[in-house]
Chemist: 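Take this structure, written in structure tokens, and hold onto it; I'll ask about it next.
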Amino acid sequence: MECLNKPHVHVRDREHVERILAKMVADGPNKLQVVADFDRTLTKFTHRGQVCATCHNVLEEGGLPEEYKEEAYKLRDKYFVIEVDPNMTIEEKTPYMVEWWTKAHELLMKYPLSKAMLHNMVANSSARLRDGCIRFFDSLHSNDIPLLIFSAGVGDVIQEVIAQQSTLYDNMHIVSNFIDFDENGTLIGFKSDIIHVYNKNENAVHDSDYFPNLSHRTNLLLMGDSLGDLQMANGAESLEAKLTIGFLNTRVTESLALYISKYDIVICEDETMDIVNNIVSNIL
Ligand code: TMP
């Protein structure tokens with residue numbers, strides 16, 4: 001495929017990728033399922049020179065008192081560098097990620113976040129779906145291709161971002177940290193165990209009937225921006241072809257070799273869905 005020859009697109013093993021793509025194209029949409037991370041995979045890392053909000057950042061950007069924002073930023077400054085440190089292993093990073101998510105959720109529980117506030121927080125935020133994401137969602141939906149969005153962000157924010165900037169379709173299944181609201185619509189906690197960037201291998205979705213129900217869809221396209229995202233489809237056992245696409249949005253020089261060693265295709269500093277849309281349109 002022509003799009004894979006662009007200078008910012010890196011293919012680890014061209015022969016392997018071409019073989020997988022040829023099978024996916026020959027098998028068509030009925031055999032395909034897609035698993036994607038949300039923050040910085042379906043959404044942009046930067047937009048017009050400004051770093052865009054992740055789900056958690058949406059909560060920090062507006063609506064809650066300044067002191068919440070300051071504390072949340074302190075946490076991010078401490079832990080984000082660890083998340084993306086190419087010199088640390090996933091095992092070394094994991095305890096820090098548990099600490100980050102635990103502290104971030106505990107901090108949030110100190111403030112009166114309501115369901116009603118979320119809509120405006122998302123509307124006023126800098127979270128942006130990638131250019132071309134609407135086309136991506138529309139094509140998957142119109143071809144009945146299931147999309148699992150597996151995110152360490154906040155599920156309620158994801159639903160709002162997609163509903164406001166595109167369409168929340170019934171072929172989408174979101175696995176994420178969902179807020180537990182009380183009967184007055186005020187946050188009282190989170191509904192299930194923490195999903196952080198490096199425990200996507202352990203999540204309940206792998207033991208649920210999600211992947212077994214899709215066992216006839218033997219071709220899987222996985223997209224992520226973190227090495228932990230590679231575990232998102234661990235529950236899918238009857239696969240015949242799996243193509244992994246990694247978005248490398250930051251620290252490209254230091255992280256490229258590592259990403260290429262893990263992902264089949266690595267797309268660097270590209271805020272669009274163009275390469276993915278090109279691949280998907282060949283399969284449809
Ligand atoms: P993802 O799994 O959808 O990529 O989302 C996880 C991102 O959220 C990860 O890059 C770290 C980020 N994050 C924040 O920005 N603030 C926070 O408080 C937390 C806990 C995570």
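Computed from a prediction, not measured in an experiment: that's the story for all the values here. Counting starts at 1 for both ligands and their atoms, following the listed order. Computed over heavy atoms, backbone and side chain alike; hydrogens, waters and symmetry mates excluded.
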Chemist: Would you mind listing which atoms of ligand 1 come within a distance below 4.0 Å of any non-hydrogen atom of Ala104?
Modeler: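 Near Ala104, meaning under 4.0 Å from one of its heavy atoms, ligand 1 has 18 (O), 20 (C).
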Chemist: Is Lys93 salt-bridged to Glu83, cutoff N-O under 4.0 Å?
Modeler: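 Salt bridge between Lys93 and Glu83, a charged N being under 4.0 Å from a carboxylate O: no.
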Chemist: Can you list the steps and then say if Glu61 with Ser126 is a side chain to side chain donor-acceptor pair (under 3.5 Å)?
Modeler: CA-CA 8 Å; Glu61 280 183 351; Ser126 63; 2.6 Å; yes
Chemist: If you count the atoms of ligand 1 from 1 in the order shown, which ones are under 4.0 Å from a heavy atom of Asp225?
Modeler: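 Here the atoms of ligand 1 in question are 4 (O).
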Chemist: Over 60° means perpendicular and under 30° means parallel, so tell me whether Tyr96 and Tyr79 are parallel, tilted or perpendicular.
Modeler: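 Judged by the thresholds at 30° and 60°, the geometry between Tyr96 and Tyr79 is tilted.
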Chemist: For ligand 1 and Phe150, I'd like to know whether there is a polar contact (N/O to N/O, distance under 3.5 Å).
Modeler: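 Phe150 vs ligand 1: no N/O contact under 3.5 Å.
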Chemist: Answer yes or no on whether Arg130 is positioned over the face of Phe136, meaning its NZ or CZ is under 6.0 Å from the six-membered ring centre and within 45° of the axis.
Modeler: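 So Arg130 doesn't make the cation-pi contact.
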Chemist: What atoms of ligand 1 come closer than 4.0 angstrom to any heavy atom of Lys200?
Modeler: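 This gives 2 (O) as the contact atoms.
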Chemist: Given the rule in the side chain to side chain donor-acceptor pair (under 3.5 Å) test, do Thr46 and Glu271 qualify, once you have shown the distances and angles that lead to the verdict?
Modeler: CA-CA 7 Å; Thr46 58; Glu271 303 296 352; 2.8 Å; yes
Chemist: Starting from atom 9 (C) of ligand 1, what is the nearest protein heavy atom, named by residue and atom, and what distance separates them?
Modeler: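 Heavy-atom neighbour on the protein nearest atom 9 (C) of ligand 1: Glu83 OE1, 3.2 Å.
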Chemist: Hey, is ligand 1 close enough to Asp39 that some N/O pair sits below 3.5 Å?
Modeler: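 N/O-N/O distance under 3.5 Å: yes.
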Chemist: For the residue pair Met273 and Met223, what are the closest heavy atoms and their distance?
Modeler: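 That closest heavy-atom pairing would be CE-CE, 3.7 Å.
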Chemist: For ligand 1, is Val84 a contact, meaning one of its heavy atoms is under 4.0 Å away?
Modeler: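 Distance cut 4.0 Å: Val84 fails for ligand 1.
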Chemist: Check each heavy atom of Thr41 against ligand 1 and say whether those closer than 4.0 Å belong to the side chain, the backbone, both or neither.
Modeler: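 The answer is neither; Thr41 stays 4.0 Å or more away.
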Chemist: Under the criterion side chain to side chain contact (heavy atoms under 4.5 Å, CB included), I'd like the reasoning laid out for Gln33 against Leu148: C-alpha separation, chi angles, the key distance, then a yes or no.
Modeler: CA-CA 8 Å; Gln33 57 172 306; Leu148 172 66; over 6 Å; no
Chemist: Which heavy-atom pair separates Lys200 from Ile195 by the least distance, and what is that distance?
Modeler: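 Looking at all heavy atoms of both residues, the closest pair is CG-CG2, 4.2 Å.
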Chemist: Under a 4.0 Å N-O cut-off, is there an ion pair linking Lys115 with Asp156?
Modeler: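 Judged by the 4.0 Å cut-off on N to carboxylate O distance, Lys115 and Asp156 do not form a salt bridge.
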Chemist: Would you please determine whether Gly153 falls within less than 4.0 Å of ligand 1 on a heavy-atom basis?
Modeler: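 Contact present.
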Chemist: For the 3.5 Å polar cut-off, considering only N or O atoms, please tell me whether Trp101 and ligand 1 meet it.
Modeler: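 It does not: no N or O of Trp101 is found under 3.5 Å from an N or O of ligand 1.
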Chemist: Quick one: does Asn57 get within less than 4.0 Å of ligand 1, heavy atoms only?
Modeler: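 It does; at least one heavy atom falls under 4.0 Å.
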Chemist: Atoms of ligand 1 less than 4.0 Å from Thr54 heavy atoms?
Modeler: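 Taking each heavy atom of Thr54 in turn, ligand 1 has 14 (C), 15 (O) under 4.0 Å.
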Chemist: Please state which protein non-hydrogen atom is closest to atom 16 (N) of ligand 1 and give its distance, to 0.1 Å?
Modeler: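 Ranking protein heavy atoms by distance from atom 16 (N) of ligand 1, first comes His56 CB, 3.2 Å.
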Chemist: Specify the protein heavy atom at minimum distance from atom 12 (C) of ligand 1: its residue, its atom name, and the distance to 0.1 Å.
Modeler: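 I find the closest protein heavy atom is Trp100 CH2, 4.0 Å.
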Chemist: When you measure from atom 1 (P) of ligand 1 to every protein heavy atom, which one gives the shortest distance, and what is it?
Modeler: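 Closest protein heavy atom to atom 1 (P) of ligand 1: Asp37 OD1, 2.9 Å.
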Chemist: Assign the ring pair His56 / His105 to parallel, tilted or perpendicular, where the plane angle (0 to 90°) is split at 30° and 60°.
Modeler: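 Because their plane-to-plane angle is under 30°, the rings of His56 and His105 count as parallel.
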Chemist: Consider every N or O of Arg40 and every N or O of ligand 1, then say whether any pair is closer than 3.5 Å.
Modeler: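 No: no nitrogen or oxygen of Arg40 is under 3.5 Å from one in ligand 1.
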